[in-house]
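Report on the structure given below.
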Amino acid sequence: MVLPAVVRHDRWMTIIKINAIRVPRESGDELAHRFAARAGAVDDADGFQGYELLKPTDDRDQWLVITRWRDEESFRAWLGSESFTQGHRSAAERQGGTTPKPVASHSEVWSYVVAGGSDFLLDRLPG
């Protein structure tokens, strides 16, 4: 059985970076589209463990991009990489076109480490 990487706080230190992005309601679908268009751009970065794009299900206008990294150094190295620069350019820009209008009105990055939780998935694996 092949399983996705599951982080256990008692075995590995994982750095969590949350990019909280304010997006007007009418621009949310465009944000999701832009993320889908660059899917995989960060996958090969050293220390990268995964990400989720979270869409609000209530009246909030804040979307969350949650990324997990082996350590702070891995995250910082990715920020300074050509992969980061290319991954944050639109498809039009990569083909020599113009920069599309931003969909976000504000963004901030929050940093966390896992301080507790459960091993829900690991505890339920067969055998």
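Values reported hereafter were calculated over all heavy atoms of this structure, with side chains retained and with hydrogens, waters and symmetry mates removed. Position 1 is the first residue of the sequence, and the numbers go up from there.
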Practice prompt. May I ask you to test the I66-L54 pair for a side-chain heavy-atom distance under 4.5 Å?
Written response: yes

Fill in: Residue list, side chain to side chain contact (heavy atoms under 4.5 Å, CB included) with A20, at least two apart or on another chain
Q62, L64, E108, W110

Worksheet item: Is R22 close to R60 at the side-chain level, that is, under 4.5 Å between some pair of heavy atoms?
Response: no

I'd like a table of donor-acceptor pairs (distance under 3.5 Å, sequence neighbours excluded) in which one partner is a side-chain atom from residues 24-33, with atom names and distances.
| residue | atom | partner | partner atom | Å |
| --- | --- | --- | --- | --- |
| R25 | NH2 | D59 | O | 3.3 |
| E30 | OE2 | R34 | NE | 2.8 |

Worksheet item: With S74, which of R70, R76, E72 fulfils side chain to side chain donor-acceptor pair (under 3.5 Å)?
Response: R70

Worksheet item: Going hydrophobic residue to hydrophobic residue with side-chain gaps under 4.5 angstrom, can you get from V109 over to I18?
Response: no

Discussion item. Counting C-beta onward and ignoring hydrogens, is there a side-chain heavy-atom pair between V113 and I16 closer than 4.5 Å?
Written reply: no

Worksheet, complete the sentence: The side-chain hydrogen bond (donor to acceptor under 3.5 Å, both in side chains) partners of S111 (sequence neighbours excluded) come to K17

Item to complete: Hey, could you give me the OG/CG distance between S81 and D46, rounded to the nearest 0.5 Å?
Response: 11.0 Å

Discussion item. When you group the ILVMFWY residues by side-chain heavy-atom contacts below 4.5 Å and let the links chain together, are F35 and V42 in the same group?
Written reply: yes

Discussion item. A side-chain contact here means heavy atoms from C-beta on lying under 4.5 Å apart; do W63 and L53 qualify?
Written reply: yes

Worksheet item: So, N19 and S107: side-chain donor and acceptor under 3.5 Å apart, yes or no?
Response: yes

Fill in: Shared hydrophobic cluster, I21 / L79 (ILVMFWY, side-chain heavy atoms < 4.5 Å)
yes

Worksheet item: Is the centre of the F48 ring less than 6.0 Å from the centre of the W78 ring?
Response: no

